[in-house]
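Input: a single structure, listed below in structure tokens.
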Amino acid sequence: MTHARVGVIGTGWWATQAHIPSLKTYEKADLVGLADSNPDKLAKAASFYEIENTYINYHDLLENVQGVIIAVPHVFHYEIARDALDSGVHVLVEKPMALTAAHAWDLVKRAEANAVELMVGTTFQFTDHARRIRDIVQSGGIGDLLHVSGLFASMVESFLRSNPEAYRTIFDYSVTPPSSNTYSDPNIAGGGQGQTQLSHAMGMVFWVTGCRAIETFAYMGNFDLEVDLVDAISYRLDNGALGTMEASGSVHIGQPENQEFRYYGTEGQIRQDVIHGRSDVHYNNGDAECFKNLAKEDIYRVDLPARVLVDLILGEGENLASGVAAARCVEFLEASYKSAQIGRAIRL
Ligand SMILES: NC(=O)c1ccc[n+]([C@@H]2O[C@H](COP(=O)([O-])OP(=O)(O)OC[C@H]3O[C@@H](n4cnc5c(N)ncnc54)[C@H](O)[C@@H]3O)[C@@H](O)[C@H]2O)c1
């Protein structure tokens, strides 16, 4: 088998910006069709990328593919991923994988039962730096993990305010912008900065550490929005390490985004600045290693998740964003939202 037959469900902003062009230009991918419940969005994407087969009902697409990419609003992730996995189809579902821990672990179980891959669109994990840092942490390279610190400040406030048009000059809406309610309606998005951005940031923490959270205490600020704009969270991992994560979606156009992690162990520390592609390791014996800075175009490889899915279908490569790490993130986020709501720590 030299080609994988894949389809895309959800033909909104991210699918048309990242996944469809990636598959169209990947020699190992056969992009056999698109599905979207909105006929206008479907027709626009199909015509822009010259794709013949389109489906209003995603079940019809599932019959014809080996793998599928699901890029629909958060609340629909679970149901579509579940149906795909149960059809024996390999899945790349966008982040957050699901909105409840029960749904997230159910997807992990179904992927195992059907012997198919389950990947999640946590794009920062697809770099050489992220892989090396994961390997150092999980092989005990910095000793026993004591503390993980994270800051994720990003430009999403206008999405959370139902105004994606504000970012037209920054993000590429060459086919379509996000629907105005995708990120701002709590019933659709499940939350704001937490669901849309901490799914990336804490996804990285669970993937790098290989841990689960056992306790979390969160403050979340909605201010005048319907969803959270700022999150400040303290947590405890199952290996005993303590963590903090701060996240703000309020970065304005033209201002720097700050997205970085620190891992402190008994034998050393790692600094991972994902948005600038800079990382280094400092060991207690005085040794230090500064990774070669990532080239600008390698910092956020939006084309790679789709291509790694194709490779996995062909029996090649590694699942760099597994369902297990993503499910650990979903259970953490669900508990953190609950903690913020009731004002006390939650044990998972
Ligand atoms: N990994 C990343 O960096 C990244 C970046 C942006 C968005 N995303 C994720 O991608 C997903 C989609 O975001 P978007 O900005 O493209 O949203 P969008 O609003 O632009 O598109 C969503 C599409 O899904 C379709 N849809 C809704 N319900 C459906 C259903 N039941 N069946 C089929 N189609 C359905 C809509 O009609 C729409 O075309 C979200 O989960 C988001 O978090 C990830």
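First listed ligand is number 1; within each ligand, the first listed atom is number 1. These numbers come from the heavy atoms of this one structure, side chains and all, not from hydrogens, waters or symmetry mates.
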Just checking, is any N or O donor in the side chain of D106 or H103 under 3.5 Å from an acceptor N or O on the other one?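 The answer is no; no qualifying pair exists.
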D83 and Y58: side chain donor to acceptor below 3.5 Å: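 Yes - a donor-acceptor pair under 3.5 Å links their side chains.
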As a test of reading the model: which N/O atoms of the protein lie under 3.5 Å from N/O atoms of ligand 1, and at what distance?
residue: ligand 1; atom: 1 (N); partner: E94; partner atom: OE1; Å: 3.2
residue: ligand 1; atom: 1 (N); partner: G121; partner atom: O; Å: 2.9
residue: ligand 1; atom: 1 (N); partner: T123; partner atom: OG1; Å: 3.3
residue: ligand 1; atom: 3 (O); partner: Y300; partner atom: OH; Å: 2.5
residue: ligand 1; atom: 13 (O); partner: Y183; partner atom: OH; Å: 3.1
residue: ligand 1; atom: 15 (O); partner: Y183; partner atom: OH; Å: 2.6
residue: ligand 1; atom: 16 (O); partner: W13; partner atom: N; Å: 3.2
residue: ligand 1; atom: 16 (O); partner: W14; partner atom: N; Å: 2.8
residue: ligand 1; atom: 19 (O); partner: S179; partner atom: N; Å: 3.0
residue: ligand 1; atom: 19 (O); partner: S179; partner atom: OG; Å: 3.2
residue: ligand 1; atom: 19 (O); partner: T182; partner atom: OG1; Å: 2.6
residue: ligand 1; atom: 20 (O); partner: W13; partner atom: N; Å: 2.8
residue: ligand 1; atom: 34 (N); partner: S37; partner atom: N; Å: 3.3
residue: ligand 1; atom: 37 (O); partner: D36; partner atom: OD1; Å: 2.6
residue: ligand 1; atom: 39 (O); partner: D36; partner atom: OD1; Å: 3.4
residue: ligand 1; atom: 39 (O); partner: D36; partner atom: OD2; Å: 2.6
residue: ligand 1; atom: 41 (O); partner: V72; partner atom: O; Å: 3.2
residue: ligand 1; atom: 41 (O); partner: H77; partner atom: NE2; Å: 2.9
residue: ligand 1; atom: 41 (O); partner: K95; partner atom: O; Å: 3.4
residue: ligand 1; atom: 43 (O); partner: H74; partner atom: NE2; Å: 2.9
residue: ligand 1; atom: 43 (O); partner: K95; partner atom: O; Å: 3.1
residue: ligand 1; atom: 43 (O); partner: K95; partner atom: NZ; Å: 3.0

Residue from D30, I69, L23, V32 passing side-chain contact (heavy atoms from CB on, under 4.5 Å) with V6: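 Checked D30, I69, L23, V32 against V6; only one passes side-chain contact (heavy atoms from CB on, under 4.5 Å): L23.
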If you take all heavy atoms of S336 and A218, which pair is closest and at what distance?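 Shortest heavy-atom contact: O-CB, 3.4 Å.
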Would R132 pass as a cation-pi partner of F291, given that its NZ or CZ must be under 6.0 Å from the six-membered ring centre and within 45 degrees of the axis?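 Yes, a cation-pi geometry.
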pair L333-S199: side-chain heavy atoms closer than 4.5 Å: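 A side-chain contact under 4.5 Å exists here.
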